[in-house]
Amino acid sequence: MSIKILGTGSYLPENRVTNDDLAKLVETSDEWIASRTGIRERRIASFETTTYMAAKAGKRALKQADVCPDEIDMILVATLSGDHATPNTACQVQEIIGADKAVCMDLSAACSGFIFALNTANVYIESGLAKTVLVIGAESLSKLVDWKDRGTCVLFGDGAGAAVVTKGTGIYETVMGSNGSKGAVLTCGERKLSNLLVDTKQELEQIKMDGQEVFRFAVRTVPSCIRELLKKAGLCCEEIRYYLLHQANLRIIQSVAKRMKEPEEKFPVNVDLCGNTSSASIPILLDEWNRKGNLSQGDKIVLCGFGGGLTWGAILLEWESNK
Ligand code: UT7
């Protein structure tokens with residue numbers, strides 16, 4: 001069983017923030033950020049909420065797919081930065097786009113969120129419970145970042161990406177994993193016990209990360225996850241057209257390419273202009289690559305996310321042209 005991507009869309013906030021802009025805020029430099037991460041600028045929301053960006057990306061994906069909102073029977077939003085605990089982001093997107101028949105839920109798996117959501121869509125489609133699903137990754141991490149912490153504030157950006165999916169005929173394979181015992185290396189948004197029995201000052205916890213530990217996890221886990229995926233699918237590296245990895249750091253992407261003995265050209269990159277947009281990074285990149293006309297009928301592509309949880313996952317799918 002497989003899914004076909006009928007259309008993709010994305011939205012980036014209007015406001016560009018360069019490394020030089022950040023150097024006015026914390027002790028850093030364009031040279032440090034660019035050489036350690038590959039990031040040169042990122043978009044930061046000035047009026048756009050997570051829901052606003054998710055809905056914009058969703059509408060663009062629907063338009064490209066030529067699918068009406070009332071044909072959507074499920075909306076899945078992967079996010080760790082929704083605007084509310086309830087209503088969830090998916091329900092708010094439903095209201096904006098008018099997808100009245102959709103069942104709507106959010107999914108939280110940090111930077112692996114879009115992979116987990118796409119797999120969830122696949123399972124619902126396979127079971128017959130859904131026919132057409134709008135899958136979105138949307139984040140406004142700028143509201144969760146400690147803008148005094150140079151170790152993290154230079155890394156993240158805001159944005160959203162989306163895909164409309166339905167039953168397909170090509171190859172579809174996946175590998176997913178989680179390791180809760182390593183959760184402490186990347187945390188955000190702790191909601192402490194606070195009630196009539198416990199007097200705790202409630203403050204939203206900002207992003208805290210052991211960068212080196214996450215880096216080591218990424219460069220070890222991503223290649224082994226993709227190798228396992230290819231083995232499951234009975235394919236070799238040479239048969240893969242593109243690897244669309246979560247855009248956390250250019251050095252991670254280069255290291256994965258090297259460890260897999262694959263040319264860097266097979267690894268599209270936009271971390272230089274978007275920074276790390278967590279669950280939104282893969283669908284934003286997918287939309288860019290799709291709209292540039294780089295994906296053709298029958299291309300086998302790998303999508304791979306990794307991050308907080310810890311979580312990781314990869315999907316191999318065969319591109320089916322909608323024309
Ligand atoms: O999407 C979720 C997954 N997240 C990731 O994949 C992130 C993975 N980790 C990374 O990308 C890298 O670890 C970072 C980019 C976060 C950090 O790069 P690094 O090469 O591991 O640097 P470091 O943390 O070892 O820091 C080296 C030095 C330190 O100074 P000292 O102790 O050597 O004097 C830091 O204080 O760089 C300093 N530093 C900075 N200097 C200038 C840390 N941040 C900055 C900064 N500007 N923004």
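Since this is a predicted model, take the numbers as computed values, not measurements. Indexing begins at 1, ligand by ligand and atom by atom, following the structure's order. The first residue in the sequence is number 1, and the count goes up from there.
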Below 3.5 Å, can you tabulate the donor-acceptor pairs from side chains in residues 175-185 to any protein atom, sequence neighbours excluded?
unit_1 : atom_1 : unit_2 : atom_2 : d
Asn179 : OD1    : Ser181 : N      : 3.2
Asn179 : OD1    : Ser181 : OG     : 2.6

Return all side-chain donor-acceptor pairs below 3.5 angstrom for residues 23-33, not counting sequence neighbours, or 'none' if the list is empty.
unit_1 : atom_1 : unit_2 : atom_2 : d
Ser29  : OG     : Trp32  : N      : 3.0
Asp30  : OD1    : Asn19  : ND2    : 2.9

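- Protein residues with a heavy atom closer than 4.0 Å to ligand 1 are Glu27, Thr28, Trp32, Arg36, Thr37, Cys111, Arg150, Gly151, Val154, Leu155, Leu186, Met209, Gly211, Gln212, Val214, Phe215, His246, Ala248, Asn249, Arg251, Ile252, Asn276, listed by chain and number.
- Using modelled atom types, one side-chain atom of Thr311 and one backbone atom of Ala109 make a donor-acceptor pair closer than 3.5 Å.
- Between the side chain of Lys300 and the backbone N or O of Leu316, no donor-acceptor pair lies under 3.5 Å.
- Hydrophobic clustering, defined by side-chain heavy atoms of Ile, Leu, Val, Met, Phe, Trp and Tyr closer than 4.5 Å, groups Ile284 together with Leu12.
- The closest side-chain heavy-atom distance from Thr50 to Lys143 is below 4.5 Å.
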